[in-house]
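Heads up: the structure comes next, in structure tokens.
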Amino acid sequence: MPDVTVVGGGPAGSLSSRLLAASGLDVVVLEEHKQVGVPMHCAGMLTPETIRLSGVQPDILGTITSADVVFPDGRVLDIGRRTPMIYAVDRVDLDQKLADKACEFGVDFRYGVKCNRVTTDTKYAVADTNAGTVRSDIIVGADGPSSKVATYVGHDLPREIVVGMQADIRFRMDDQDRMILRLGHDIAPGFFSWQLPMGDVTRVGVCVSPPFRPVDYLKKLISISGLEGMEVIQKFSGKIPIGGRRTTYANRTLLIGDAAGQIKPVSGGGLYPIFKAAPVLCDTVNSAYQLGVFNSSVLALYERGWKRVIGKEISRGARMRDFYLKLNDEQMSSVGEIFDTPDIKESLGMIDFDDPSNIVKPILSQKGVKSGMLKAYLRKGR
Ligand SMILES: Cc1cc2nc3c(=O)[nH]c(=O)nc-3n(C[C@H](O)[C@H](O)[C@H](O)COP(=O)(O)OP(=O)(O)OC[C@H]3O[C@@H](n4cnc5c(N)ncnc54)[C@H](O)[C@@H]3O)c2cc1C
């Protein structure tokens, strides 16, 4: 019998299992697909720090040092710096390398095994799968946005789900250092769109809030970006659970990654939170083993711990997102006008994509910004 069963072999499952195995535990990963990382559902935008935290070196498809942020009225804010803001990484390769590294530490990866149900009793955590029953001391739910394990933990859904769709198109953008982010209800209601240079390929993607459908907005985005009629190499889509879940632990059970709703609400990025939460999960499991107690009173340490390291960004980001969702296109364009000064653009250029809401304070402290924002907010839209 393994000590820990991890459901899901994505980044959350691979890193958690690797750390647990490195600490001396016997760990099994159940992955429903025959391969990790496929089907892909990620733009692959990672900061240098997030890549460092992963502990592997994924293939880099693009290096972005600047961005054109396009507001609904067409105003373009060009922000940038000399060092890389983000890398566009090959996400399938990243997932594969994370899984391979977990296996190097002795993790038993079982492919094609789908967990259908989780239960716990005083002796075991039990995963019922298509390949039989797996008993262990603890189950970690790393099974993504539609987590089965999360259903067991809290019977609660993520507070909000946005849906995204992307296409890789055979086209080389002139500027290989610059991404384009477009805002506005006609472009991406409830979120934003992206266009990333990746050598001879351009990745365009959009996320929207339901009931809007990303497929409709992706079509429009391809046309606006001047990419209509070009070869679409691949298309992929996925859900992003925003705003967290109420509970990320229960008796003998922990959740991590999308299953736990550990997502940055401003950008929809999930990998940085995972890489920060995984060491906390590992420490908590080890504390449980030291005490010989696997119930929720000990596993609660995990939620306290991960909230200490990433909770601030998630709650501050949620407030920023609430503000963003209340803006109509006219108000959003007014914000663009306020931000269109050399000083603010310089501040924006220094944005830390791992902690994007951190930018608010330095920007609001600049002369006239707070009053301008309030005016924009109070302005009646169309
Ligand atoms: C369109 C889009 C763009 C994104 N862009 C970015 C970005 O640029 N940067 C960023 O940081 N984040 C991005 N994200 C978010 C990021 O992809 C997720 O946060 C990340 O994949 C979460 O990792 P995870 O391991 O928690 O879940 P997943 O990557 O979803 O992995 C879960 C794994 O569990 C397996 N599984 C599921 N259910 C079961 C089951 N019942 N039994 C067994 N196995 C199961 C799945 O097959 C999968 O392998 C994006 C998301 C979307 C949708």
Side-chain angles (χ1 to χ4, degrees), residues 5-17 28-47 49-51 53-54 58 61-62 64 86-89 91-92 94-96 98-99 109-118 127-131 134 139-152 158 161-167 179 181 188 191-194 196 203-208 214 218 235-242 255-264 267-278 353-354 356:
T5 303
V6 176
V7 181
S14 285
L15 185 59
S16 308
S17 63
V28 163
V29 171
L30 310 179
E31 169 52 51
E32 66 177 332
H33 290 107
K34 297 265 181 256
Q35 193 191 339
V36 292
V38 187
M40 209 254 279
H41 45 242
C42 180
M45 292 189 260
L46 302 192
T47 64
E49 174 62 4
T50 302
I51 294 178
L53 289 171
S54 76
L61 307 173
I64 315 292
I86 56 158
Y87 291 108
V89 308
R91 177 61 203 269
V92 178
L94 172 71
D95 284 23
Q96 191 61 61
L98 283 167
F109 247 81
R110 298 185 189 165
Y111 290 99
V113 180
K114 179 171 179 162
C115 174
N116 295 319
R117 203 167 76 106
V118 167
D128 287 326
T129 79
N130 58 334
V134 183
I139 285 189
V140 173
D143 47 343
S146 309
S147 171
K148 278 253 158 48
V149 187
T151 327
Y152 168 75
I161 289 187
V162 294
V163 276
M165 194 169 207
Q166 310 183 97
M179 64 181 167
L181 303 175
F191 220 72
F192 61 87
S193 80
W194 55 93
L196 296 175
R203 174 165 293 169
V204 280
V206 61
C207 262
V208 299
L218 183 64
K235 265 191 189 167
F236 27 92
S237 59
K239 294 185 215 167
I240 305 184
I242 292 194
L255 301 176
I256 184 163
D258 278 14
Q262 289 162 336
I263 286 272
K264 289 176 282 173
S267 65
L271 293 174
Y272 177 77
I274 287 171
F275 298 155
K276 296 296 274 187
F353 278 89
D354 287 329

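Quick note: residue numbers are just sequence positions, from 1. Ligands are counted one by one from 1 in listed order, and the atoms in each one are counted from 1 as well.
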- Query: N/O to N/O below 3.5 Å, does that happen between Trp194 and ligand 1?
  - Reply: no
Query raised in the report: Is Ile139 close to Tyr152 at the side-chain level, that is, under 4.5 Å between some pair of heavy atoms?
Result: no
Atom 25 (O) of ligand 1 has as its nearest protein heavy atom Ala12 N, 3.0 Å
If we only count heavy atoms from C-beta on, is the Leu94 to Leu271 side-chain gap below 4.5 Å? yes
Review point. Side chains of Tyr87 and Thr50: does their closest heavy-atom pair fall under 4.5 Å?
Key: no
shortest atom 34 (O) of ligand 1-to-protein heavy-atom contact is with Gly8 CA, 3.2 Å
Taking only non-hydrogen atoms of Pro145 and a 4.0 Å limit, the atoms of ligand 1 in range are 30 (O)
of all protein heavy atoms, closest to atom 23 (O) of ligand 1 is Ile274 CD1, 3.4 Å
Do side-chain atoms of Asp143 reach the backbone of Val149 as a donor and acceptor pair under 3.5 angstrom? yes
Closest to atom 42 (N) of ligand 1 by heavy-atom distance, out of Gly261, Gly164, Cys115, is Cys115
Using only atom types and a distance under 3.5 Å, with no angle test, would you say the side chain of Lys276 pairs donor to acceptor with the backbone of Leu53? no
Checking heavy atoms under 4.0 Å, the part of Val163 that sits near ligand 1 is neither
In this structure, atom 32 (C) of ligand 1 is nearest to the protein heavy atom Ala142 O, 3.5 Å
Note: ligand 1 atoms sitting under 4.0 Å from heavy atoms of Gly268 are 12 (N), 13 (C), 14 (N), 15 (C)
For Thr50, is the nearest heavy atom under 4.0 Å from an atom of ligand 1? no
**OP:** Answer yes or no: is there a side-chain heavy-atom contact under 4.5 Å between Tyr272 and Lys264?
**Re:** yes
Within the 4.0 Å heavy-atom cut-off, what Ile263 brings close to ligand 1 is side chain
Candidates Pro214, Gly144, Gly10; heavy atom nearest atom 27 (O) of ligand 1 found on Gly144
The atoms of ligand 1 lying under 4.0 Å from a heavy atom of Gly44, numbered in the order shown, are 7 (C), 8 (O)
Counting heavy atoms under 4.0 Å, the part of Leu46 that contacts ligand 1 is side chain
Exercise. Please confirm whether Glu32 comes within less than 3.5 Å of ligand 1 when only nitrogen or oxygen atoms on both sides are compared.
Key: yes
* With only distance considered, is Ala259 within less than 3.5 Å of ligand 1 through an N or O on each side? -> no
Ligand 1 to Leu30, heavy atom cutoff 4.0 Å, flagged ligand atoms 43 (C), 44 (N)
Between the CD1 atom in Ile64 and the OG1 atom in Thr47, the distance rounded to the nearest 0.5 Å is 13.0 Å
Is there a side-chain contact between Phe109 and Ser14 in this structure, where contact means two heavy atoms from C-beta onward sitting under 4.5 Å apart?
yes
Open item on the list: If you define the side chain from C-beta out and look only at heavy atoms, does anything of Val7 sit under 4.5 Å from Lys148?
Closed with: no
Any donor-acceptor pair under 3.5 Å linking the side chain of Glu32 with the backbone of Cys115? no
For Gly270, the ligand 1 atoms with a heavy-atom partner under 4.0 Å come out as 10 (C), 11 (O), 12 (N), 15 (C), 19 (O)
Atoms of ligand 1 under 4.0 Å from any heavy atom of Gly257, numbered from 1 in the order shown, are 26 (O)
Rounded to the nearest 0.5 Å, the OG atom of Ser237 sits from the CE atom of Met40 at a distance of 11.5 Å
Heavy-atom proximity to atom 53 (C) of ligand 1, picking from Gly13, Gly238, Ser237, points to Gly238
For Asp95, the side chain to side chain donor-acceptor pair (under 3.5 Å) test, sequence neighbours excluded, returns Arg91
A student comparing Met40, His33, Glu31 should find that the heavy atom closest to atom 48 (C) of ligand 1 comes from Glu31
Query raised in the report: Has the side chain of Ser16 got a donor or acceptor atom that lies under 3.5 Å from a matching backbone atom of Gly13?
Result: no
of all protein heavy atoms, closest to atom 26 (O) of ligand 1 is Asp258 N, 2.9 Å
| message | Polar contacts were defined as any N/O atom of the residue lying under 3.5 Å from an N/O atom of the ligand; does this apply to Ala43 and ligand 1? | response | yes
Query raised in the report: Ignoring hydrogens and geometry, is there a side-chain-to-backbone donor-acceptor pair from Glu31 to Gly8 under 3.5 Å?
Result: no
Does Gln262 come within less than 4.0 angstrom of ligand 1, counting non-hydrogen atoms of the residue?
no
inquiry  = Is Pro273 close enough to touch ligand 1? Criterion: a residue heavy atom under 4.0 Å from a ligand atom.
reply    = no
Closest heavy-atom approach to atom 50 (C) of ligand 1 among His41, Gln35, Met45 is made by His41
At under 4.0 Å between heavy atoms, what of Leu271 touches ligand 1? The answer is both
Closest to atom 29 (O) of ligand 1 among protein heavy atoms sits Arg91 NH2, 3.2 Å
Residue, atom and distance of the protein heavy atom nearest atom 6 (C) of ligand 1 read Cys42 SG, 3.3 Å
Check: Would a 4.5 Å heavy-atom cut-off, applied to side chains only, mark Val118 and Thr5 as touching?
Finding: no
Between Gln96 and Pro58, is there a side-chain heavy-atom distance shorter than 4.5 Å? no
Practice task
Using modelled atom types only, decide if a donor and an acceptor are shared between the side chain of Arg110 and the backbone of Val28 within a distance under 3.5 Å.
Solution key: no
Between the CG atom in Asn116 and the OG1 atom in Thr129, the distance rounded to the nearest 0.5 Å is 7.0 Å
Inset, instruction - Report yes or no: does a heavy atom of Val36 sit under 4.0 Å from some atom of ligand 1? - result: no
At under 4.0 Å between heavy atoms, what of Ser147 touches ligand 1? The answer is neither
